[in-house]
Amino acid sequence: MTTSTSALDSNAAFAARLPSVERILADTSCTALIEKYGRTQTLAAVRALLAELREEIAGPRTTETPPIAVIDEITALNAVIAERLATAAISPLKQVFNLTGTVLHTSLGRAILPDVAICGVVDALRAPMNLEFDLATGKRGDRDDLVEDLLCELTGAEAATVVNNNAAAVLLMLSALASRREVIVSRGELVEIGGGFRIPDIMMRAGAKLREVGTTNRTHLSDYADAIGPRTALLMKVHCSNYVIQGFTTSVEVDQLARLGKIHNAPTVVDLGSGTLVDLSQYGLPCETTVRQTIEAGADLVTFSGDKLLGGPQAGLIVGRADLIKKIKRHPLKRALRVGKLTLAALAPVLGLYRSPEFLPQQLTTLRLLTRPQAEIRAQAEILTPLLQQALGDRYVVAAEPLFSQIGSGALPVDLLPSYGFSVRVSRSHPARPRGKSGLSQLEKWLRELPRPVIGRIANDTLWLDLRCLESADEAQFTAQLMAPLREPITTVTP
Ligand SMILES: *Cc1c(COP(=O)(O)O)cnc(C)c1O
């Protein structure tokens, strides 16, 4: 593209009209910014904006208008800078409303923690803690001690250790106990969890050799027995967290496998994945084998996550035989994968809640969300429907509808919880309705750009917003931001 002489002339004229850095900084509109954000950051923002404007002016243009109508108005420039500095000051990690219907949503940070854990973390942030200091003896302590007794009490295990997440727990366990030896796993349990955790890969990283046995749908005890040899380090079972194998199937239970392992002196280890500490059926939820049941069945070690069904912070827990835990704790990877004090400050009080299982459905946030009765969610949906309809305008049609929530994070993948929420569809009759798919994605984007973004899910030309995870404490904030008078109406979003 060639630039005409007159355009070049006007480019030069615009460039000449750009104020200098000094004039911008000296303007009263900038003083407040310097006070709030400091001179270093403000100066950098001013320079960046001027550089952008210069580049824009120098670039090819077809019209005679300046790139930004206000290039020589210092107050206007400072308004842009103020907005940029304010945006930069906000944490990129924001609270959102999880209306996806998936309670333990990995992309949204999984378990929401109960107040006891929040207080624990705040305390740990504010002051030094006895993280690795034994207050009884005045000697150096071990950070695992802060939760080990409780984990043993709750699971019936002899010993326990904690690492950064369950993937780390499995990696550490295999590295410490099966390096350069074989681990026997059923072909039906070669799981891939989202985010790149695959049993065969983790096995390789740990320096262990995966010995697959059986078939995808059927594995018998004799398959394991035939594979046991002098190189066998472990017999391993992995929870099929995110899939089910149905039909003509058979698999070996932990108790049978553990008996076989004992005969051959090969520990049986179980990656339970989500891992629950209580029988969930007592709260009306689908049944899931507990960690205690797995230990009682004879598993020598069990690994599970802290932030799935347990409802705590991200962590990986390993419980089981004392001699094996000791070996694991001595492995150099344990140091690399250890948890920080914030994790322990949250984990210990969450585990403490399990001592009173009768209060759990109220006190443990994850369980409270999972057990919210459909009737309660329905009543909430019916009250909020007119508000949402008003906020979205008549180009969209909002209805309260029954839905199914998922537990999420690979916990009980096929079990659904009856719930309630909104369906939002593009109006078929409105003359200025947004057309086709873009109507829904505009809406989805608008919700994502709210001060506290609202995350739903689109399926069948409908946006679904499940209210299971909108507890009454957050409802006021949810409605207030929808009804905010200054909010740009959704219909102004250009397709
Ligand atoms: C979720 C899961 C993992 C990974 O746990 P993280 O805590 O996410 O690291 C490992 N194994 C199984 C079976 C799982 O379900």
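Counting convention: from 1, in listed order, for ligands and their atoms alike.
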Under a heavy-atom criterion of less than 4.0 Å, does Val170 contact ligand 1? no
In this structure, does ligand 1 have an atom that sits under 4.0 Å from one of the heavy atoms of Arg110? yes
Can a donor-acceptor pair be found, under 3.5 Å and without considering hydrogens, that links the side chain of Asn217 to the backbone of Thr249? no
Looking only at protein heavy atoms, identify the closest one to atom 11 (N) of ligand 1 and say how far it is in Å. Asp271 OD2, 2.6 Å
Nearest to atom 3 (C) of ligand 1, what protein heavy atom do you find, and at what distance? Asn166 ND2, 3.4 Å
The single option from Leu369, Leu417, Leu280 passing side-chain contact (heavy atoms from CB on, under 4.5 Å) against Ile407: Leu417
Does atom CZ of Phe359 have more than 12 heavy-atom neighbours from other groups under 6.0 Å away? no
Note the single closest protein heavy atom to atom 14 (C) of ligand 1, along with its residue, its atom name and the distance in Å. Lys308 NZ, 3.0 Å
min-distance protein heavy atom vs atom 7 (O) of ligand 1 -> Ser305 OG, 2.7 Å
Does the N or O separation between Ala167 and ligand 1 drop below 3.5 Å for any pair? yes
Atom 15 (O) of ligand 1: the protein heavy-atom neighbour that sits closest, reported with distance to 0.1 Å: Ser241 OG, 2.4 Å
Please confirm whether His239 comes within less than 3.5 Å of ligand 1 when only nitrogen or oxygen atoms on both sides are compared. no
To the nearest 0.5 Å, what is the distance between CG on Asp123 and CG on Leu342? 11.5 Å
Quick one: does Glu212's side chain have a donor or acceptor within less than 3.5 Å of a partner on Arg187's backbone? no
Side chain to side chain, Lys334 and Ile318, heavy atoms closer than 4.5 Å: no
Not counting sequence neighbours, which residues clear salt bridge (charged side-chain N to carboxylate O under 4.0 Å, His left out) with Arg140? List them please. Glu132
